[in-house]
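Heads up: the structure comes next, in structure tokens.
Below, read A as the first sequence line, B as the second, and so on, with proteins coming before strands; counting in each chain starts at 1.
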Amino acid sequence: MCLMLFVLISGSVFVAWCFACRAERRTRWLDAMYGARCGLLHRVGISLLAKGPPSLARCEELMAVEYPDYEVVLLFDGACNPALLHQLIRRYHLIRVDYLPSGELQPAAVRGLYRSRRRLYRRLVVVDSLASGRRALDVMADVATRGFLLPLAAHRSLSSRAVEHLALELALCPHRPPVWLAEWPWLRPLVWQREELIARGGFVRPRGGGGAFLFRRLTAPRHRLLRLRHGVQLLWMVLLVVPLFAGGVRGWMWVVTLLWGGVVWLRMRQLGTKDSRY
Amino acid sequence: MIEMYYISMVALLTCCVAVRVAVRGWRNRFEGRDDGLVERSVEPLLHTLFDDEELEHLPLERTRQPARRAGQLAALVGSMLYGVNPRPLRLFVLRCGTDYYLLRRVRFSRGLRRAFWLRKLADLPITQEVQRETERYLGDRSPSVRFAALLLLVTAHPETLLSRIAALPRSLTVAERAELLFQLRRGLLPIAWQPLLNAPNANLQRLGLTIVEQFSIETAEGELHRLIATADEEVSCEALYVLASLRRPLRRRVVAVRLGAFSEVERRSFLRYLSRLGYTPRQLGSLLSDEEQLRYERRMANYKRTLVCA
């Protein structure tokens, strides 16, 4: 029983390590492609849908994405957060525009739609609405203008170059979104094609985005993937000595165990330092 | 017995990891010193490139891995400069053996790692021998490796661009065209869009359309109309999008015929694109049905503010 459990845990740790290595290699390859950074990916546009009252810092963070064909659609209840709304209006020179639902999705009550007068902040759209859950996502999808929708949960944030990597992945698979975007049935899809979503009648799940950390390799920066890989490596190394203790360490096995522990400790120290690559 | 084997395995792993820790520790001792030597090499290299001077020995040649450091520096400098004489950079790379260093990394890696090293090699001026060796990666299993090898060969010999792209058995993806365009913007590939648009091959036509869109070449309007009318479905669809991105009039009959062949999803997507570009309903005229006209006006209204109440 113990052996089986040990084999199961070791196997899972090994599989996780393989996934982390694969994700890190993929991220490194995407970093080597310059097309996304220079705005050369034509018609691969991403609309980020964020609901819930954001702080100004979070808005700045979402707006700081360098990928050009990108917009941010923020939805929250302005009546409950009037100070925040005024702050956003002042900061981004927003002006209230007319809102007429396009009729492609189920309409919901929208108090106001705001866009910026400044070209610099054209990518920001603020929706003042009471809608929540699926309705809120539908409202944001109705307002969004890009071909791919990326809902972002309130407690998650984008890591560096996440949007560029996502655009590259979408640009590398022209005819259908890559399998990993919805490859696990119990994980929610990360990215939606707008037209397919409209054809399905809108968001069918109450919350879009999310998913296990391990498989969201495009929203984890490279150094985090490296840390994950190193962490898994160390865990595996530690797990190897578990059967020795389970069976009872005796005699010269102590020497091996102590040597092993020393090596693990040295490795931990080394992995804590900067990992320089090409 | 099993216990003995297990302990032996742990002991062996201990030795392997200990060796790795020792090697990594030895290497890390010199990282800081090497970084400083590379920083001190930037200015002399730039002087050589701009003033067309003779390249002297640089401080980074005293680093532990001069080939790797030289490759980093050459790739960084090469990606930032436009129109300088590549000969000093080529001599510098040859002297440090960077191309052979990268080629060794290519040989002993697989999949995305191999594609990564090939992509780094494409940023450097390389020798004939390296180019010959890269030819065999054109048939690799991984599409990323095949494309990285193609990019390297096309950058080294821009005159082979048309023939190599035309010989591809599959369509170029948007990301791959973007990479080719990036090399083009660095002045490493020719920008002749007319032969590309007039070529019979779909890949070349797509590349030509990407160039036209990127540089907003309005004089290509005639060729775009021809492609919309005569090319295959994907290329003519893309030509329509490029015509719209140039903000050209869309009243010609070929546009109406092409738009009529779109599915409902494609029409909706295209009209949404037009609304984002700023085309008014009047400019689109009879292209829109009544329902589409209403939806389009509603979408346009989301960009405006009513100042006068009726």
If one checks every heavy atom of Tyr273(B) against chain A at 4.5 Å, the contacting part turns out to be side chain
If one checks every heavy atom of Ser245(B) against chain A at 4.5 Å, the contacting part turns out to be neither
Heavy-atom closest pair (Thr173(B) atom, Ala171(A) atom, distance to 0.1 Å) is CB-O, 3.4 Å
Here the pair of heavy atoms bringing Trp29(A) nearest to Ala115(B) is CZ3-O, 3.4 Å
Turns out that what part of Val44(A) lies under 4.5 Å from chain B's heavy atoms comes down to side chain
Okay, Arg146(A) and chain B: the region with an atom under 4.5 Å from a heavy atom over there is both
Do other residues, nucleotides or ligands put more than 12 heavy atoms under 6.0 Å from [X] [atom1]?
| X | atom1 | value |
| --- | --- | --- |
| Arg119(A) | CZ | no |
| Asp290(B) | CG | no |
| Glu66(A) | CD | no |
| Arg33(B) | CZ | yes |
| Glu39(B) | CD | no |

Interatomic distance, CZ@Phe116(B) vs CE@Met33(A), rounded to 0.5 Å, equals 12.5 Å
Taken to the nearest 0.5 Å, the spacing of Ser269(B) OG from Arg194(A) CZ works out to 9.0 Å
Test: Arg25(A) cationic atom under 6.0 Å from Trp117(B) six-membered ring centre, within 45° of axis | no
Determine yes or no for a side-chain-to-main-chain donor-acceptor pair under 3.5 angstrom, with [X] supplying the side chain and [Y] the backbone.
| X | Y | result |
| --- | --- | --- |
| Arg272(B) | Thr145(A) | yes |
| Asn302(B) | Val143(A) | no |
| Arg28(A) | Leu112(B) | no |

**Prompt:** Any ion pair linking Glu195(A) and Arg267(B) (charged N to carboxylate O, less than 4.0 Å)?
**Reply:** no
Q. Between Arg298(B) and Asp142(A), is there a side-chain N and carboxylate O pair less than 4.0 Å apart?
A. no
Scored by heavy-atom pairs under 4.5 Å with chain A, the best of Ala301(B), Ala148(B), Ser275(B), Cys15(B) is Ala301(B)
With chain A, the option among Gln183(B), Arg119(B), Glu213(B) that has the most non-hydrogen atom pairs under 4.5 Å is Glu213(B)
